[in-house]
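Below is one structure, written out as structure tokens; comments come after it.
Values below: every heavy atom of this structure, side chains too, minus hydrogens, waters and symmetry copies.
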Amino acid sequence: MADSAQAQKLVYLVTGGCGFLGEHVVRMLLQQEPQLRELRIFDLHLGPWLEELKTGPVQVTAIQGDVTQAHEVAAAVAGAHVVIHTAGLVDVFGKTSPETIHEVNVQGTRNVIEACVQTGTRFLVYTSSMEVVGPNIKGQPFYRGNENTPYEAVHRHPYPCSKALAEQLVLEANGRKVLGGLPLVTCALRPTGIYGEGHQIMRDFYHQGLRLGGRLFRAIPASVEHGRVYVGNVAWMHVLVARELQHRAALMGGQVYFCYDNSPYKSYEDFNMEFLGPCGLRLVGTRPLLPYWLLLFLAALNVLLQWLLRPLLLYAPLLNPYTLAMANTTFTVSTDKARRHFGYEPLFSWEESRTRTIRWVQAVEGSAQ
Ligand SMILES: NC(=O)C1=CN([C@@H]2O[C@H](COP(=O)(O)OP(=O)(O)OC[C@H]3O[C@@H](n4cnc5c(N)ncnc54)[C@H](O)[C@@H]3O)[C@@H](O)[C@H]2O)C=CC1
Ligand SMILES: CC(C)CCC[C@@H](C)[C@H]1CC[C@H]2[C@@H]3[C@H](O)CC4=CC(=O)CC[C@]4(C)[C@H]3CC[C@]12C
């Protein structure tokens, strides 16, 4: 008992800790990080579920704050040993302005870095995205690539542009002297498309299928592979990287790692059917029901409608030219860099990830009735 009390000495801060990934990181830290003394959860919107965490042995501190406000970030970071920065605006549907996406994702990250430097926090893990690499605007395939695979990473959309800039800031900050004179150690994790309990887009597809009488209509050729990774494994990788960064700073500092697991390589829609199928939905068609040019036309029409309706309401459908290009371009990773550098092995097998996600979709169904 005395040993475990002595071991509990570290203060972690998770920004965006109430988001889809953030909640899993928070819960994973509480389960898997024995050195934790205090866990600070910083988010614009705090979830009611945080209350249940406050009765455990680790001090859980919920902080309602905005990453774009430097003073709020500095106050939350002060005294933390490790910062896991997952907060971000994930918007590829045109719900928010490009300026706001930049402000939150880039300036917010700059604020986190400066707060670490000013207050003496030495370890920073940044949740980047596969999107900092691609798919690029040319729609070139990235087939089972790794962190060293050459690829023309050219973007125009505000979300990948902001993630790429923020990642660059984080990597460049590696080695900066923090208060007290020691160097900052940073690294970036690049998840592919995350799925699992709490995934809003999966929920949207499910409800769309229910509205269409239990059917979804194939829009993307089955041959296009899209990288996916289970949220529990992404969270586990964050916990592990944060821990090992403190012991292997020379090897891991300034590095990027794709987040991967054993989820199968499939098209975006076929992959979703792994969960939606057992929940009663059917994907109609072995080939796309509409030709690509028509989808592109509808996507462009959606952009026009979004613009026309903006003064009246927010029209932000799943289909737009960017999401169509994303879903239509092969982008999958195959790498073992995280295993080699910090011993990462997925905590959840594909079967378990699948079962957990199906159970969650079924619970969504139950709560919708
Ligand atoms: N969902 C996905 O498939 C992927 C997500 N990512 C990255 O993972 C991170 C988490 O994404 P998700 O959990 O999917 O998104 P999410 O939207 O569920 O979570 C983001 C969290 O950040 C918080 N947040 C937003 N603006 C904030 C601000 N100004 N100040 C403080 N908190 C703020 C939100 O309230 C939310 O709780 C993001 O950085 C995203 O770019 C990377 C790859 C794939
Ligand atoms: C109706 C269309 C034909 C199909 C639409 C599917 C899209 C909504 C999704 C296809 C690919 C997704 C993105 C991808 O998984 C990579 C991502 C990484 C991130 O960092 C954030 C989320 C996302 C942009 C993800 C968003 C939904 C898709 C575009």
Side-chain angles (χ1 to χ4, degrees), residues 1-43 46-65 67 72-87 112 115-116 119-127 170 178-180 182 184-189 191 196-198 230-249 252-253 257 259 338 341-348:
M1 189 65 203
D3 276 356
S4 87
Q6 269 170 7
Q8 285 179 277
K9 55 184 182 189
L10 297 183
V11 178
Y12 274 56
L13 168 71
V14 180
T15 71
C18 292
F20 164 46
L21 172 62
E23 177 175 347
H24 285 267
V25 172
V26 162
R27 293 187 186 278
M28 188 65 73
L29 277 168
L30 291 172
Q31 282 165 20
Q32 300 281 352
E33 187 41 73
Q35 292 211 311
L36 204 57
R37 172 164 59 80
E38 182 189 349
L39 179 55
R40 298 180 189 167
I41 299 155
F42 182 95
D43 205 299
L46 297 177
W49 55 273
L50 289 175
E51 288 309 310
E52 84 199 41
L53 306 181
K54 290 185 177 165
T55 52
V58 174
Q59 184 189 332
V60 173
T61 312
I63 306 167
Q64 197 265 322
V67 287
E72 294 182 9
V73 179
V77 170
H81 297 94
V82 180
V83 175
I84 299 180
H85 177 41
T86 79
V112 170
C116 290
T119 67
T121 297
R122 284 202 56 212
F123 302 100
L124 171 61
V125 178
Y126 174 61
T127 314
V170 169
V178 305
L179 182 75
L182 291 169
L184 179 63
V185 188
T186 67
C187 79
L189 297 184
E197 303 95 304
Y230 176 61
V231 67
N233 287 324
V234 180
W236 171 230
M237 201 186 246
H238 279 70
V239 171
L240 210 54
V241 93
R243 184 189 299 162
E244 294 302 321
L245 206 52
Q246 302 168 56
H247 307 296
R248 307 182 199 201
M252 294 169 60
Y257 301 94
C259 287
H341 280 208
F342 54 95
Y344 165 76
E345 294 291 347
L347 194 61
F348 302 94

Straight-line distance of Ile63 CD1 to Leu50 CG, nearest 0.5 Å: 11.0 Å
Contact check, side chains of Trp49 and Val26, non-hydrogen atoms, under 4.5 Å: yes
Check: Val241 and Met252 side chains under 4.5 Å, non-hydrogen atoms: yes
Passing option when Glu244 is tested against His247, Arg248, Gln246 for side chain to side chain donor-acceptor pair (under 3.5 Å): Arg248
For the student: nearest non-hydrogen atoms of Lys54 and Ala62, plus distance: NZ-CB, 4.2 Å
Nearest-0.5 Å distance that lies between atom SG in Cys116 and atom CZ in Arg122: 11.5 Å
Student check: side-chain heavy atoms of His238 and Leu21 closer than 4.5 Å: yes
Non-hydrogen atoms of Gly19 and Asp43 that approach each other most closely: N-OD2, 3.7 Å
Evaluation steps, side chain to side chain contact (heavy atoms under 4.5 Å, CB included), between Leu13 and Phe42: CA-CA 7 Å; Leu13 168 71; Phe42 182 95; 3.8 Å; yes
Partners meeting salt bridge (charged side-chain N to carboxylate O under 4.0 Å, His left out) with Arg37 (sequence neighbours left out): none
Closest approach of Val234 to Cys259 (non-hydrogen atoms, all atoms of both residues): CG1-SG, 4.0 Å
Val178/Thr121 under side chain to side chain contact (heavy atoms under 4.5 Å, CB included): CA gap, chis, key distance, verdict: CA-CA 7 Å; Val178 305; Thr121 297; over 6 Å; no
Student check: side-chain heavy atoms of Val170 and His85 closer than 4.5 Å: no
Ala87 versus Gly16, closest heavy-atom pair with distance: CB-N, 3.5 Å
Residues Glu197, Glu23; criterion side chain to side chain contact (heavy atoms under 4.5 Å, CB included); working and verdict: CA-CA 10 Å; Glu197 303 95 304; Glu23 177 175 347; over 6 Å; no
Criterion side chain to side chain contact (heavy atoms under 4.5 Å, CB included) on Gln32 and Leu240, from CA distance to verdict: CA-CA 9 Å; Gln32 300 281 352; Leu240 210 54; over 6 Å; no
Distance-minimising heavy-atom pair for Ala74 and Ala115: CA-CB, 3.7 Å
Tyr344 ring center within less than 6.0 Å of Tyr257 ring center: no
Within-4.5 Å side-chain heavy-atom neighbours: Ile41 and Val60: yes
Heavy-atom closest contact (Leu245 atom, Phe123 atom, distance): O-CE2, 3.5 Å
Side chain proximity check, Val14 to Leu39, heavy atoms < 4.5 angstrom: yes
Residue pair Leu29 / Val239, side-chain heavy-atom distance below 4.5 Å: yes
Atom pair CE/OG1 of Met237 and Thr127 - distance to nearest 0.5 Å: 11.5 Å
Any side-chain heavy-atom pair of Glu33 and Val58 under 4.5 Å: no
Atom pair CG (Leu189) and OG1 (Thr86), whose distance is rounded to the nearest 0.5 Å: 11.0 Å
Approximate separation, where rounding is to 0.5 Å, of Thr61 OG1 and Glu38 CD: 3.5 Å
Tyr12 side, atom OH; Ile84 side, atom CD1 - distance, nearest 0.5 Å: 6.5 Å
Ignoring hydrogens and angles, write down the donor-acceptor pairs under 3.5 Å from the side chains of residues 75-83, residues two or more places apart or on other chains.
from  : atom 1 : to    : atom 2 : distance (Å)
His81 : ND1    : Val11 : N      : 2.9

